[in-house]
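Count residues from 1 along the sequence.
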Amino acid sequence: MVTLYHCDGARSFRPLWMLEEMGLSYELKMLPFPPRVFAKEYLALNPLGTIPFMVDGETRMTESSGICHYLGVRHGPTPLMVGPEDPAYGAFLNWMYFSDATLTFPQTLVLRYTQLEPEERRNPQVAGDYAKWFLGRLRAVEAATANTEALCAGRFTAADIVIGYALRLADTIGLAKDFGPNVAAYWTRLQQRDGFKRAVAAEQQAGVEQNVAPRVRA
């Protein structure tokens with residue numbers, strides 16, 4: 001059975017959502033945020049001290065979008081994946097990588113310099129610059145969702161999960177007010193999925209059961 005180490009609202013929500021969409025059995029272990037600071041013993045499992053950390057038999061993984069890809073291939077088949085024979089394969093892979101490298105990265109700097117750093121080290125200019133960076137890159141999602149319900153292949157896929165998390169993070173840190181109309185509608189659709197709702201519920205329940213307080217929202 002898959003074991004997923006997770007923090008409330010963190011990138012590990014991607015594989016959590018993937019697990020729920022696939023209906024796979026898993027164990028969810030909640031950690032306070034950030035784990036490397038508040039859960040020193042976690043470093044013995046994951047020397048990076050980062051979230052997510054997934055264990056599946058002998059497999060150990062730390063990259064959220066990669067874990068989603070792994071789950072879809074290793075525990076598939078599933079319509080959440082797009083195969084190399086599909087004309088949309090290139091677009092699918094591009095969204096999978098775009099999700100973290102282009103959309104999540106700038107948001108981590110917004111989060112850091114508005115909430116995580118001590119008051120004297122916070123930097124509104126850095127936060128503002130990277131918020132603009134994120135919103136500029138989000139134009140790709142705005143264009144892709146202009147006339148379709150999902151990003152690629154004519155159906156909901158893992159690409160929508162990994163991009164959807166970036167939108168969830170943006171909503172958490174106060175950037176959703178600047179979404180374009182297509183992205184705003186797309187984000188609303190994603191939140192209405194049963195798999196998304198189950199993942200949120202699992203996150204909340206595990207936090208209560210394991211006595212891990214949720215993160216403070218912006």
Side-chain angles (χ1 to χ4, degrees), residues 4-18 30-40 42-43 46-54 61-69 93-145 151 158-180 182-184 186-187 190-191 199-200 203 212-218:
L4 178 65
Y5 291 82
H6 174 52
C7 290
D8 175 63
R11 298 179 212 216
S12 40
F13 187 79
R14 287 184 176 120
L16 175 58
W17 186 0
M18 186 79 176
M30 297 292 292
L31 295 173
F33 183 85
R36 65 164 62 92
V37 175
F38 295 113
K40 303 291 188 182
Y42 179 59
L43 293 172
N46 175 13
L48 293 175
T50 55
I51 286 293
F53 182 58
M54 185 209 70
M61 295 182 69
T62 61
E63 297 301 314
S64 60
S65 297
I67 294 171
C68 290
H69 202 155
L93 286 184
N94 197 67
W95 288 120
M96 294 294 288
Y97 287 95
F98 185 87
S99 64
D100 235 1
T102 302
L103 288 186
T104 304
F105 164 70
Q107 293 192 81
T108 61
L109 293 172
V110 176
L111 181 61
R112 175 178 178 178
Y113 287 105
T114 58
Q115 297 182 37
L116 300 184
E117 289 285 353
E119 192 72 38
E120 68 275 9
R121 287 179 53 83
R122 295 181 185 182
N123 191 317
Q125 181 176 345
V126 170
D129 287 349
Y130 279 96
K132 290 177 183 177
W133 177 352
F134 162 74
L135 293 167
R137 302 310 190 270
L138 197 60
R139 287 196 295 264
V141 183
E142 181 73 12
T145 54
L151 288 173
D160 297 292
I161 290 175
V162 297
I163 295 294
Y165 168 72
L167 301 183
R168 188 188 192 212
L169 178 58
D171 200 355
T172 298
I173 62 177
L175 297 180
K177 66 184 185 303
D178 297 313
F179 286 174
N182 299 334
V183 170
Y186 172 57
W187 173 224
L190 292 178
Q191 294 175 86
V200 171
E203 179 180 68
V212 176
R215 287 167 61 182
V216 176
R217 307 303 189 193

Q: Sequence neighbours left out, what passes side-chain contact (heavy atoms from CB on, under 4.5 Å) with Val212? Give chain and number order.
A: Met30, Pro32, Gln210

Q | Side-chain touch His69/Leu93, heavy atoms, less than 4.5 angstrom | A | yes

Q) Within a strict 4.5 Å, meaning less than it, do heavy atoms of the Ile173 and Gln115 side chains meet? A) yes

Q: Of all the heavy-atom pairs spanning Cys68 and Ile161, show the shortest one and how long it is.
A: SG-CG2, 4.4 Å

Q: Report the distance from atom CG of Asn123 to atom CZ of Arg112, rounding to the nearest 0.5 Å.
A: 10.5 Å

Q: Compare every heavy atom of Glu63 with every heavy atom of Pro52, then report the nearest pair and how far apart it is.
A: CG-C, 4.4 Å

Q | Leu175 side chain near Leu169 side chain, heavy-atom distance below 4.5 Å | A | no

Q: Return yes if some donor-acceptor pair links the side-chain N/O of Tyr165 with the main-chain N/O of Asp160 below 3.5 Å, else return no.
A: no

Q) What residue among Phe13, Tyr42, Phe33 forms side chain to side chain contact (heavy atoms under 4.5 Å, CB included) with Ile51? A) Tyr42

Q) If you look only at pairs with a residue in residues 99-109, which of them pass as a salt bridge (charged side-chain N to carboxylate O under 4.0 Å, His left out), with sequence neighbours excluded? A) Arg11-Asp100, Arg14-Asp100

Q) Any donor-acceptor pair under 3.5 Å linking the side chain of Thr104 with the backbone of Ser99? A) yes

Q) Less than 4.5 Å apart, any side-chain heavy atom of Leu4 and any of Met18? A) no

**Q.** Shortest non-hydrogen separation from Trp95 to Ala159 and the atoms involved
**A.** CB-CB, 3.8 Å

Q: Evaluate the side-chain proximity of Leu151 to Tyr186: yes if any heavy-atom separation is below 4.5 Å, no if none is.
A: yes

Q: Write out all pairs satisfying ring-ring contact (aromatic ring centres under 6.0 Å, His included) with one or both partners inside residues 105-125, taking only residues at least two apart or from two chains.
A: Phe105-Trp133

Q. side-chain contact (heavy atoms from CB on, under 4.5 Å) between Phe98 and Leu103: does it pass, once the steps are laid out?
A. CA-CA 7 Å; Phe98 185 87; Leu103 288 186; 3.4 Å; yes

Q: Determine whether Phe38 and Leu31 make a side-chain contact, defined as any pair of heavy atoms from C-beta on separated by less than 4.5 Å.
A: no

Q: Quick one: which residue pairs count as a salt bridge (charged side-chain N to carboxylate O under 4.0 Å, His left out) with a foot in residues 121-133, not counting sequence neighbours?
A: Glu117-Arg121, Glu119-Arg122

Q: Would you please name every residue forming a side-chain contact (heavy atoms from CB on, under 4.5 Å) with Ala184, sequence neighbours left out?
A: Phe179

Q.
Here's a test for you: under side chain to side chain contact (heavy atoms under 4.5 Å, CB included), which of Ile163, Asp171, Val141 qualifies with Trp187?
A. Asp171

Q | Any residue meeting salt bridge (charged side-chain N to carboxylate O under 4.0 Å, His left out) with Glu142, in chain and number order, not counting sequence neighbours | A | none

